[in-house]
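These notes concern the structure reproduced below.
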There are 2 protein chains.
Amino acid sequence: MSFQSELLSKEDESYILAHVDLDDPSLFNLSDEISIDDFQEQKYSLLLHNEQTVALNGNYQNTHDYYPADLPKEAESIKLEDQKLNVTQGEFQGPYDFQVIVCTGSKNPWEYSAQLNKIYTDRKSPVPIDFIVKNNSPDTQLFVRVTPMFNSPQYAQDCVYRCPNHEFNGPSDELPKEKCHIVKCLNKNTEYYGDKAKGDRLSFVIPLARTDRVRERFEFYCLNSCPAPGINRKPVEIVFTLEDIHGNTLGRKNLNVRICSCPRRDREKDENIPAAKSRKRGMIVAKKPSKKASVVLSRNLQELTVPVLGPQMRNNVLKYVHDLYAGEILRCGDDIEKQQPYLQGLESVKTIIAKFNDNESSSITQLSHF
Amino acid sequence: MSFQSELLSKEDESYILAHVDLDDPSLFNLSDEISIDDFQEQKYSLLLHNEQTVALNGNYQNTHDYYPADLPKEAESIKLEDQKLNVTQGEFQGPYDFQVIVCTGSKNPWEYSAQLNKIYTDRKSPVPIDFIVKNNSPDTQLFVRVTPMFNSPQYAQDCVYRCPNHEFNGPSDELPKEKCHIVKCLNKNTEYYGDKAKGDRLSFVIPLARTDRVRERFEFYCLNSCPAPGINRKPVEIVFTLEDIHGNTLGRKNLNVRICSCPRRDREKDENIPAAKSRKRGMIVAKKPSKKASVVLSRNLQELTVPVLGPQMRNNVLKYVHDLYAGEILRCGDDIEKQQPYLQGLESVKTIIAKFNDNESSSITQLSHF
DNA sequence: CGACAAGTTG
DNA sequence: CAACTTGTCG
Ligand SMILES: [Zn+2]
Ligand SMILES: [Zn+2]
């Protein structure tokens with residue numbers, strides 16, 4: 001179940017996708033079979049659904065207590081030259097039905113785009129994220145590993161570090177091993193891994209509280225726009241890996257992240273540029289469906305602009321859209337993840353309605369009960 | 001000829017300017033009369049034409065070989081607390097008719113504005129500057145001290161250092177004492193002074209070749225836009241001081257500097273906007289209707305933007321809006337005048353629908369019969 | 001060199 | 001939040 005090639009051809013991919021049961025969680029518990037030597041000398045690539053294989057520089061490992069510093073000197077030198085470990089990157093729920101939910105709300109300093117599965121946040125504001133783990137039993141300690149990565153294939157192998165500015169001007173109470181991490185968790189039990197000086201990829205591990213839904217807060221220390229050798233405007237994602245005490249992977253979810261000064265503006269731009277472009281007289285032109293966009297289109301929240309005549313018609317449209325979301329949400333049943341984008345849309349409509357209600361004195365033109 | 005007050009009132013200034021011969025070079029050769037103790041314990045202010053007195057933090061001195069590190073411990077502590085030395089900043093030619101000329105040329109990577117006495121340059125391109133010293137005799141060694149300063153009174157006391165990014169990512173052959181200087185001279189005999197760790201003001205001294213006109217090349221290591229604790233977008237000037245071997249000041253010239261990525265553009269803006277300065281940020285401008293939620297289309301027609309999720313919902317909304325117009329039009333009966341705005345809205349919606357139909361391959365997502 | 005991207009200001 | 005500034009890219 002492992003492939004020597006760094007990158008699979010499209011044909012290989014289709015073949016494998018067609019012949020392998022990618023939802024079989026046993027596929028993802030291979031770490032026990034791989035020795036340290038294997039890690040140092042071979043390249044492993046395991047195909048998952050939504051497959052993306054990424055070569056990770058440095059020491060990325062599945063046991064919490066395995067440290068780069070423990071390597072013998074010669075392994076070290078191999079690592080420093082061109083040791084790359086291809087680690088799978090696809091998302092999967094795994095046996096615990098692992099889910100990662102960004103808390104939303106319209107007046108938070110961060111913004112979440114369900115459409116792009118992307119969070120937009122300021123530097124240094126705590127962002128709460130919920131981890132959902134079904135059947136989280138009191139006798140098993142689970143962990144979430146958090147690894148920021150560049151998410152364009154071109155840069156995915158490069159490790160993400162803080163820019164020197166934010167490395168040397170971070171909070172004064174920061175431990176040296178934390179100073180290069182662009183993201184940290186407020187949870188005091190978080191363990192930080194990786195040493196920039198050795199070229200390690202940085203990540204950290206949070207011990208998960210034993211409830212079905214655990215909220216943790218994260219802070220970011222660099223902007224996406226920070227200069228090289230920092231993020232340097234490249235898109236970044238956070239990989240959340242559910243792990244057991246041995247570092248076995250039990251689930252994986254990705255979250256695109258943009259740390260910037262104007263989360264709302266930037267989110268709106270990201271969402272609208274793939275979508276409509278406005279013309280003269282406010283005409284809305286439909287977007288050209290980019291191949292990638294069309295795949296996920298059904299999950300995509302987009303903006304639609306229509307002409308309305310008078311507050312009555314406007315309110316009719318708003319109420320109608322509101323109710324369309326309400327209906328969809330009901331039809332989702334208890335599937336929280338499926339609800340997510342609709343909840344976001346609903347939130348969005350309600351904000352628009354509230355804005356009009358705020359701005360209009362006459363109660364006749366107001367929509368009530370929102 | 002020295003004043004105890006840190007800042008002179010406007011009236012004092014005018015009085016002095018009217019009664020003192022400010023072109024008398026003897027006024028500016030006072031350094032021999034001032035002991036180190038005076039420097040440490042008092043604040044001197046000497047008025048010059050184009051007067052600008054500036055309190056300099058740290059150790060700024062007129063002898064090349066006087067070093068902050070040589071201070072006794074107690075003087076040191078005074079310095080670190082609030083010792084500020086008011087040093088004159090005005091330009092004067094002095095006995096050698098000292099002049100500083102920025103070399104110009106239209107296809108250089110830098111730009112010089114004579115109007116603003118300001119040079120605009122890229123980071124890391126050598127800028128040649130000529131120093132003119134009349135009667136530069138072979139038996140007197142002269143020096144030019146180069147001191148970058150913030151030139152707004154509000155920040156002039158702060159020392160100018162590199163931002164951490166450029167401090168730690170400078171050329172690899174840089175000596176530690178050079179790493180914090182935002183400007184350096186290519187001349188290998190340049191001596192760099194000041195220690196950022198001690199809060200010293202940084203400067204350097206170039207021994208002048210013994211000709212009337214000496215060309216030296218300078219390189220800048222930070223942009224004006226570099227983040228705090230770097231320049232942080234504050235305007236900067238370079239003070240060139242002609243000195244003898246004892247550090248006596250024989251002439252002084254200032255040069256405004258902007259290190260940026262687009263020297264030409266920025267120079268043009270600087271030069272033109274002061275002329276037609278009516279549209280600056282702080283200016284009061286007729287405010288536009290807050291087009292936050294809706295924009296006026298025609299008389300009553302407005303734009304409403306709502307979030308939709310997927311083509312189905314989008315089409316539902318479009319169809320609904322279409323039908324709202326249709327209903328209104330019916331209710332207008334034969335009143336063509338009254339129909340008019342609704343017809344217009346209907347037309348508008350149909351255009352939007354057509355655009356989406358055009359752009360979408362899948363017939364499933366298309367609305368038919370429009 | 002124009003257009004865009006993205007931090008800052010009031 | 002709009003407008004401006006200013007680095008970057010094509
Ligand atoms: Zn940074
Ligand atoms: Zn800098």
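Everything numeric here is computed off the predicted structure, so don't read it as measured data. Every chain is numbered from 1, with letters handed out A, B, ... down the list of sequences.
Separating the NZ atom of A:Lys234 from the C1' atom of C:dA5 is a distance of 16 Å, rounded to the nearest angstrom. Look at NZ on B:Lys107: it is 17 Å from C1' on C:dC1, rounded to the nearest Å. We find that CG of A:Asp270 is positioned 14 Å from C1' of C:dC4, with the value rounded to whole Å. Rounded to whole Å, atom P of C:dA5 lies 13 Å from atom OH of A:Tyr120. Across the protein-nucleic acid pair, A:Glu268 atom CD and C:dC4 atom C1' stand 18 Å apart, rounded to whole Å.
Annotation: side-chain contact (heavy atoms from CB on, under 4.5 Å) contacts of A:Thr104 (sequence neighbours excluded): A:Tyr112, A:Gln340, A:Gln344. Evaluation of the ring pair (Phe, Tyr, Trp, His ring centres under 6.0 Å) rule for B:Tyr155 yields no partner, not counting sequence neighbours. For B:Asn256, the side chain to side chain donor-acceptor pair (under 3.5 Å) partners two or more places apart in sequence, or in a different chain, are B:Asn151. Residues that satisfy the salt bridge (charged side-chain N to carboxylate O under 4.0 Å, His left out) test with B:Lys124, not counting sequence neighbours, are B:Glu219. Under the ring pair (Phe, Tyr, Trp, His ring centres under 6.0 Å) criterion, B:His166 pairs with no residue at all, not counting sequence neighbours.
The number of heavy atoms from other shown groups lying within 6.0 Å of NZ (A:Lys196) is above 12.
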Dump every N/O contact between nucleotides 6-10 of chain D and the protein below 3.5 Å, one line per pair.
unit_1	atom_1	unit_2	atom_2	d
D:dT6	OP2	B:Arg258	NH2	3.3
D:dT6	O5'	B:Arg258	NH2	3.3
D:dG7	OP1	B:Ser225	OG	2.3
D:dG7	OP2	B:Ser261	N	3.0
D:dG7	O5'	B:Ser261	OG	3.2
D:dG7	N7	B:Arg265	NH2	2.8
D:dG7	O6	B:Arg265	NH1	2.7
D:dC9	OP1	A:Arg233	NH1	3.4

